[in-house]
Amino acid sequence: MSLLTTLGGLLLSIQLVVLLFKYIQRRRWDVNKLPSPSSKHASWIWGHELAIFKHEACEMYGSWAALLGSVYRVQAAMFQPDIVVVADNAAASHIFQNPYNYVKAPAFLPIVDKLLGRGIVWAEGDEHKHQRRLLAPAFTINAVKGMADDIFECADKLAGRLRARVSQGGNIQSVLNIVPYTSSCTLDMVGRIAFGHDFGAGESVEAKEIGASWHQDVMLGHSFGGFLAPIIINFLPWIPRLPVKALQTDGVAKQIAKRLAGRILDENRVGSHSQGRDILSLLMEDNRKKATGEAKLTDEQLLDNVSTFIMVGHETTAATVNFTLLQLSRNPEAQRKLRAELNSTKEALDYDSINKLTYLDAVAREGLRLHPAAPRTERVAVRDDVIPLSAPIKTPGGETLTSLPVKAGQVFHIPFTVLNTNYRVWGRDAHMFKPERWLEADGVPQQSELPRGPWVGVSTFCDGPRSCIGWRLGLIELKVLIATLVRNFEFQSTDADIKQFISPTLQPFVGDEGGVMPMRLSLVPEL
Ligand code: HEM
């Protein structure tokens, strides 16, 4: 028997004893009083998690919230303690406002390290505070305004590529999969903005590598293996540390950031790099100005954050654009109104003028509300706490809970999609795409009743000190892309049955194929 097998067996036995001990301890926790969905949706080994995985993004969380209320518990896979699902605004906000008491699952940190590096997404506690403080100046209103020219230019290039594709052979309309187009465009945007690199509209070697590896992730994420992997890692948290090549190889984005942005850092060190307006240049310049001994990001942290921005900054925005276009294709009246607003101004749009367009703003809000690119997140309590609630919970035992006492180690699932579509907050038409709700008096509830986050009214960018640092950038990219595309094309849905799954971010699927959203595009005559 090899040393590795013996070691594995030993670790597994210790793990089982620890789990048994924890199971006995947890039977007395208050969260056990919470309502739980019927066991007909659960299996003895996978708990409710398989049903959640098999259905569309957050579908089961939503159905159970309608039945059981905004806070309930589900059975976890592989005999782990029950998970608390939080779709209550006050409870979610409390968790997000205390990110160092409610952390991301520690078992996944080695994987984030391998895929993206030790940047802001990986960091916890003081290390996170430090990185966030140093990175924040790159995402202020003024900084994002300075990125607008690159964003408009990339969107115009995409419109040009699509025009050429649609009008091939003298046509004026064509059915195409919109996903690779939007995805390569947001990669171009983030490449320029993060480190002044042009990914060449999906044609450069690096863009192809990122695209291929992402497609693999999308297909794996929706397979049974993709369901199993995080469960096994939760159960056996030492697995990512095993000396196995596949587990220890850097992710593609990290390799590319090291290769391309690493060159820039080298040039900067010898003084031959000309400073640009991109985030890496701004941070290098900031580092240069600082006195010796003052807090700075190391070269390693700069590179790890470039790879982080590349990965978390491009597919999220592309997914939001895709699903907002899908909604517009299914709501021709909303699309017509938006085009009329866009055409009411004859001049080319810029950062200030695009932000004055009220119908576009309402369309962006509905796209973000109904289709959060990261539909849910997960947190683990590191200490005992009492969580406040927006509304009391009636337990199946007849007790009324006005707050929820939790113990260290409790796992939470927080589905942004359900926070954004809770009919108790948004009303009976909560699931409808209705931009007008943001423009009519009393169209949406008071701000105090809405989910909290950096962009008022939607939870899509999370909340608190770990909310999306790039939300202003994501939002302006979304608005510019929707405006440019709707000015140039009419979007019509096809009869393809498009489903949305979490894989690893929100992805359109047709049958078993991920990253597919067929759409009919017709040229709008140039003004
Ligand atoms: C519509 C587009 C976007 C959406 C919906 C979105 C959503 C989110 C969400 C939900 C989180 C919190 C995840 C969690 O803690 O579980 C997050 C974090 C983050 N986002 Fe975004 N994001 C978008 C665009 C961007 C862009 C364009 C960038 C930057 C280039 C970016 C950079 C980040 C970073 C660095 C974090 C981690 C922040 C921290 O831990 O302090 N995001 N985003």
Side-chain angles (χ1 to χ4, degrees), residues 57 92 95-97 99-100 102-105 108-109 112 116-125 127-136 138-139 143-144 147 150-151 154 182-183 185-195 253 257 278-280 301 304-324 364-365 367-380 412-417 419-420 451-455 458-482 502 504-506:
I95 292 173
F96 292 140
Q97 290 299 337
Y100 310 120
Y102 294 92
V103 298
K104 297 180 191 170
F108 294 96
L109 291 184
V112 177
L116 308 175
R118 299 184 170 201
I120 187 170
V121 167
W122 169 86
E124 286 288 353
E127 169 70 21
H128 176 262
K129 272 187 213 158
H130 168 74
Q131 290 205 23
R132 179 105 188 182
R133 189 165 50 80
L134 294 176
L135 291 172
F139 293 95
V144 171
M147 300 165 187
D150 277 331
I151 296 171
C154 291
T182 50
S183 179
C185 180
T186 54
L187 180 64
D188 279 354
M189 288 178 179
V190 88
R192 284 192 185 198
I193 289 164
F195 65 118
D278 57 273
I279 295 176
L280 182 61
Q301 285 171 331
D304 287 351
N305 278 302
V306 167
S307 63
T308 299
F309 298 151
I310 291 174
M311 279 330 281
V312 303
H314 98 276
E315 280 300 339
T316 43
T317 313
T320 318
V321 172
N322 296 335
F323 282 99
T324 307
R365 279 180 195 272
L368 284 159
R369 185 180 72 84
L370 292 174
H371 305 284
R376 71 146 196 228
T377 190
E378 191 175 321
R379 293 291 188 269
V380 185
F412 299 87
H413 283 184
I414 308 168
F416 297 117
T417 314
L419 285 161
N420 287 344
R452 290 153 215 180
W455 202 40
V458 290
S459 68
T460 306
F461 294 111
C462 199
D463 188 15
R466 290 212 81 140
S467 60
C468 178
I469 200 170
W471 72 272
R472 287 194 187 91
L473 177 57
L475 182 59
I476 189 71
E477 288 182 17
L478 169 67
K479 285 188 177 182
V480 171
L481 272 164
I482 295 291
I502 305 176
T505 51
L506 189 74

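Start at 1 and go down the list; that is how both ligands and their atoms are numbered.
- The CZ atom of Phe461 lies 7.0 Å from the CH2 atom of Trp455; values are rounded to the nearest 0.5 Å.
- Of the possible polar contacts, one joining the Gln131 side chain to the Arg118 backbone as a donor-acceptor pair under 3.5 Å is found.
- Atoms of ligand 1 found under 4.0 Å from any heavy atom of Ser467 (numbered from 1 in listed order, with element): 38 (C).
- Side-chain atoms of His314 come within 3.5 Å of backbone N or O of Ile310 as a donor-acceptor pair.
- What sits closest to atom 33 (C) of ligand 1 on the protein, heavy atoms only, is Val312 CG2, 3.6 Å.
- In summary, the atoms of ligand 1 found under 4.0 Å from a heavy atom of Ile469, numbered by their order in the structure, are 34 (C), 35 (C).
- Put simply, the side chain of Ser459 never gets that close to the backbone of Pro451: no donor and acceptor are under 3.5 Å apart.
- Residue-to-ligand polar distances keep Thr320 apart from ligand 1: every N/O pair is separated by 3.5 Å or more.
- Counting protein heavy atoms only, atom 38 (C) of ligand 1 is closest to Arg132 NH1, 3.5 Å.
- Distances from ligand 1 to the non-hydrogen atoms of Gln131 include no value under 4.0 Å.
- Between the side chains of Ser183 and Glu315, a donor-acceptor pair is found at a separation under 3.5 Å.
- Between Phe416 and Phe96, the ring-plane angle classifies as parallel under the 30° and 60° cut-offs.
- Among protein heavy atoms, the minimum distance from atom 4 (C) of ligand 1 is reached at Phe461 CE2, 3.6 Å.
- Less than 4.0 angstrom separates some heavy atom of Lys104 from each of these atoms of ligand 1: 15 (O).
- Remark: the backbone N or O of Phe139 is paired with a side-chain donor or acceptor of Arg472 at under 3.5 angstrom.
- Atom 40 (O) of ligand 1 has its nearest heavy-atom neighbour, among Glu477, Lys129, Arg466, in Arg466.
- Residues meeting the salt bridge (Lys or Arg N to Asp or Glu O under 4.0 Å) test with Arg369, sequence neighbours left out: Glu366.
- Taken to the nearest 0.5 Å, the CD1 atom of Ile193 stands 4.0 Å off from the CD1 atom of Ile151.
- Scanning the protein heavy atoms around atom 25 (C) of ligand 1, the nearest turns out to be Cys468 SG, 3.6 Å.
- By the 3.5 Å distance cut-off applied to N or O atoms, Thr377 is counted among the residues near ligand 1.
- The closest side-chain heavy-atom distance from Met147 to Ile476 is not below 4.5 Å.
- Every N/O-N/O distance between Thr460 and ligand 1 stays at or above 3.5 Å.
- Within the 4.5 Å cutoff, side-chain heavy atoms of Thr324 are placed close to those of Leu478.
- For His314, the closest heavy-atom approach to ligand 1 does not fall below 4.0 Å.
- At distances below 3.5 Å, not a single donor-acceptor pair connects side-chain atoms of Lys129 with backbone N or O atoms of Pro465.
- Here's the thing with Thr317: none of its N/O atoms is less than 3.5 angstrom from an N/O atom of ligand 1.
- Considering only non-hydrogen protein atoms, atom 41 (O) of ligand 1 sits nearest to His128 NE2, 2.6 Å.
- The contact set between ligand 1 and Gly313, taken as ligand atoms under 4.0 Å from a residue heavy atom, comprises 26 (C), 27 (C), 28 (C), 30 (C).
- Aromatic ring orientation, Phe412 versus Tyr102: perpendicular (interplanar angle above 60°, classes split at 30° and 60°).
- A donor-acceptor pair is defined here as one N or O able to donate and one able to accept, closer than 3.5 Å; such a pair exists between the side chain of Asn305 and the backbone of Ile120.
- Among protein heavy atoms, atom 24 (C) of ligand 1 sits closest to Thr316 OG1, 3.5 Å.
- When the options Val103, Leu473, Val121 are ranked by their closest heavy atom to atom 30 (C) of ligand 1, first place goes to Leu473.
- Look at Trp471 and you'll find every heavy atom at least 4.0 Å from all atoms of ligand 1.
- Against a heavy-atom cut-off of under 4.0 Å, Phe416 is close to the following atoms of ligand 1: 10 (C).
- Taking atom 12 (C) of ligand 1 as the reference point, the nearest protein heavy-atom neighbour is Cys462 CB, 3.7 Å.
- Under a 4.0 angstrom heavy-atom cut-off, Glu378 registers as lying outside contact with ligand 1.
- At least one N or O atom of Arg379 sits closer than 3.5 Å to an N or O atom of ligand 1.
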